[in-house]
Amino acid sequence: AQQVAVNLLKNSMVVEYDESQLSSAQIIAAVEKAGYGASLHAKPGSAPAAKAAETGGVSAAQKAYSDMKKRLVLSLLFTIPLFYISMGHMLGLPLPSFLSGHQNALWFGLAQLALTLAIVILQFRYFRRGFASLFRGAPTMDTLVAVGSSAAILYGIYAIIRIAQGLATGDMELVAQYHMDLYFESAGTILTLVSVGKYWEARSKSHTADALQKLMALAPATAHLLRDGKEVEVPLEEVRQGDLLIVRTGEAIPVDGTITEGQAAVDESAITGESMPVDKSIGDPVTGATLCRSGYFTMQATHVGEETTLSQIIHLVEDAAATKAPIQRIADKVAAVFVPVVIGIAVLAMVLQKKD
């Protein structure tokens with residue numbers, strides 16, 4: 001690949017590559033190997049593109065936010081009782097009789113395991129991405145979450161097995177030892193707290209996507225084109241530079257242009273923020289997506305499609321949302337070193353402990 005640009009706001013990726021050396025299938029396979037999904041962008045006029053245009057109210061960012069919100073709420077519903085069962089008795093809070101005492105230690109552990117597994121299922125994306133990046137030799141912060149949570153869960157399962165052995169043999173000292181060695185609440189709390197940060201990130205992206213949709217909605221879907229002395233209504237995409245367009249009271253100006261005939265009061269608040277309409281007459285420039293409050297005029301299109309002021313604003317917002325801030329780049333560089341170091345220290349500590 002010669003150049004790759006990823007837009008997290010739109011969940012899209014643009015790749016420049018040599019078709020003689022690389023194919024779209026290989027690019028998709030590489031993305032999927034990294035733990036993500038990928039598919040070719042629908043071409044204009046195709047069935048998928050038409051379907052997307054029809055549904056077009058909810059963006060990928062808004063769907064991601066809605067999904068993250070649901071998973072966070074459900075995770076909290078399981079994390080709160082998990083934390084209460086595991087830590088409540090330390091604060092003097094009462095526990096149900098079937099969870100109290102060493103004789104009920106097995107039920108005490110199984111209840112925590114069940115609640116933790118529910119959280120794991122809800123937040124399984126961290127395990128999928130974390131272990132995928134670990135096996136690729138490029139661990140991320142998701143790797144720390146996945147490895148730390150997995151270690152706590154696996155040791156908790158081992159403790160439950162030892163508790164069951166102690167109850168079966170009547171060895172209550174063994175039961176008492178492992179009764180306090182359950183760390184399920186650590187795994188559940190880590191997953192839920194990480195999801196809180198991801199929730200706020202998804203919320204921010206959703207709000208930005210919503211603002212972009214509102215900007216896009218400012219432009220009308222059609223324009224009144226003056227062709228051979230007759231007025232014809234055409235889709236906005238068919239307007240070309242130099243075309244003569246007619247705009248009436250209450251209509252949105254379709255593209256950027258210059259008034260050739262008539263006059264009007266134009267509301268430019270959507271673009272400039274100016275609340276008072278601006279008087280326009282022959283020779284004055286008008287901006288696409290602004291509103292003709294009163295009057296009637298003919299205009300000549302000067303900028304259409306991606307060249308309009310509205311399109312440029314939308315591109316600037318998208319680029320700002322997709323570009324990493326300098327502090328985020330620093331955080332990525334720190335994580336690239338921090339994660340392997342933490343894993344290495346953990347492995348070294350485990351080896352030294354076994355030797356002792």
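Computation of the quantities below employed the complete heavy-atom set of this structure, encompassing side-chain atoms and omitting hydrogens, waters and symmetry-equivalent molecules.
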Side chain to side chain contact (heavy atoms under 4.5 Å, CB included) evaluation trace for Thr79 with Ile119: CA-CA 7 Å; Thr79 301; Ile119 299 172; 3.3 Å; yes

Does any N or O in the side chain of [X] come within less than 3.5 Å of the main-chain N or O of [Y], such that one atom is a donor and the other an acceptor?
X      : Y      : result
Thr192 : Gly188 : yes
Asp181 : Gly156 : no
Gln312 : Glu306 : yes
Ser66  : Lys63  : no
Ser204 : Trp200 : no
Asp171 : Leu174 : yes
Asp267 : Ser269 : yes

Ile246 and Arg248: CA distance, side-chain angles, deciding distance, side chain to side chain contact (heavy atoms under 4.5 Å, CB included) verdict: CA-CA 7 Å; Ile246 296 174; Arg248 297 181 176 84; 4.2 Å; yes

Are [X] and [Y] close enough that a side-chain donor and a side-chain acceptor fall under 3.5 Å?
X      : Y      : value
Ser133 : Thr143 : yes
Ser75  : Gln123 : yes
Asp256 : Thr308 : no
Glu233 : Thr222 : yes

Atom CD of Gln177: over 12 foreign heavy atoms under 6.0 Å: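 Enclosed: over 12 neighbouring heavy atoms sit under 6.0 Å from CD of Gln177.
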
Min side-chain heavy-atom separation Gln241-Gln300 under 4.5 Å: no

Flag side-chain contact, heavy atom, 4.5 Å: Ser149 against Thr116: no

Mutual orientation of the aromatic rings belonging to Tyr178 and Tyr158 [parallel < 30°, tilted 30-60°, perpendicular > 60°]: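 Perpendicular, since the angle between the ring planes exceeds 60°.
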
Aromatic plane relationship, Phe127 with Phe124 - under 30° parallel, 30 to 60° tilted, over 60° perpendicular: parallel

Joint cluster assignment, Leu182 & Leu154, ILVMFWY side-chain distance < 4.5 Å: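 Leu182 does not cluster with Leu154.
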
Leu226 reachable from Val234 in the ILVMFWY side-chain graph, under 4.5 Å edges: no

Shortest non-hydrogen separation from [X] to [Y] and the atoms involved:
X      : Y      : answer
Leu236 : Ala219 : CD2-CB, 4.2 Å
Leu76  : Pro81  : O-CD, 4.3 Å
Asp243 : Leu225 : CB-CD1, 3.4 Å
Leu72  : Ser195 : CD1-CB, 4.0 Å
Val239 : Ala223 : CG2-CB, 3.8 Å
Pro254 : Leu245 : CG-CD1, 3.6 Å

Worked verdict on Thr258 versus Asp284 for side chain to side chain contact (heavy atoms under 4.5 Å, CB included): CA-CA 6 Å; Thr258 304; Asp284 290 336; over 6 Å; no

Test log, rule side chain to side chain contact (heavy atoms under 4.5 Å, CB included), inputs Tyr183 and Ser86: CA-CA 8 Å; Tyr183 300 103; Ser86 61; over 6 Å; no

SB check Arg71 Asp67 (cutoff 4.0 Å):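 Salt bridge flag = yes for Asp67 with Arg71.
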
Salt bridge Glu268-Lys280, side-chain N to carboxylate O under 4.0 Å: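 Counted as a salt bridge, because a side-chain N and a carboxylate O are separated by less than 4.0 Å.
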
Aromatic ring proximity, centroids under 6.0 angstrom, Tyr65 and Tyr199: yes

Distance, nearest 0.5 Å, that separates CG of Leu117 from CG of Leu122: 11.0 Å

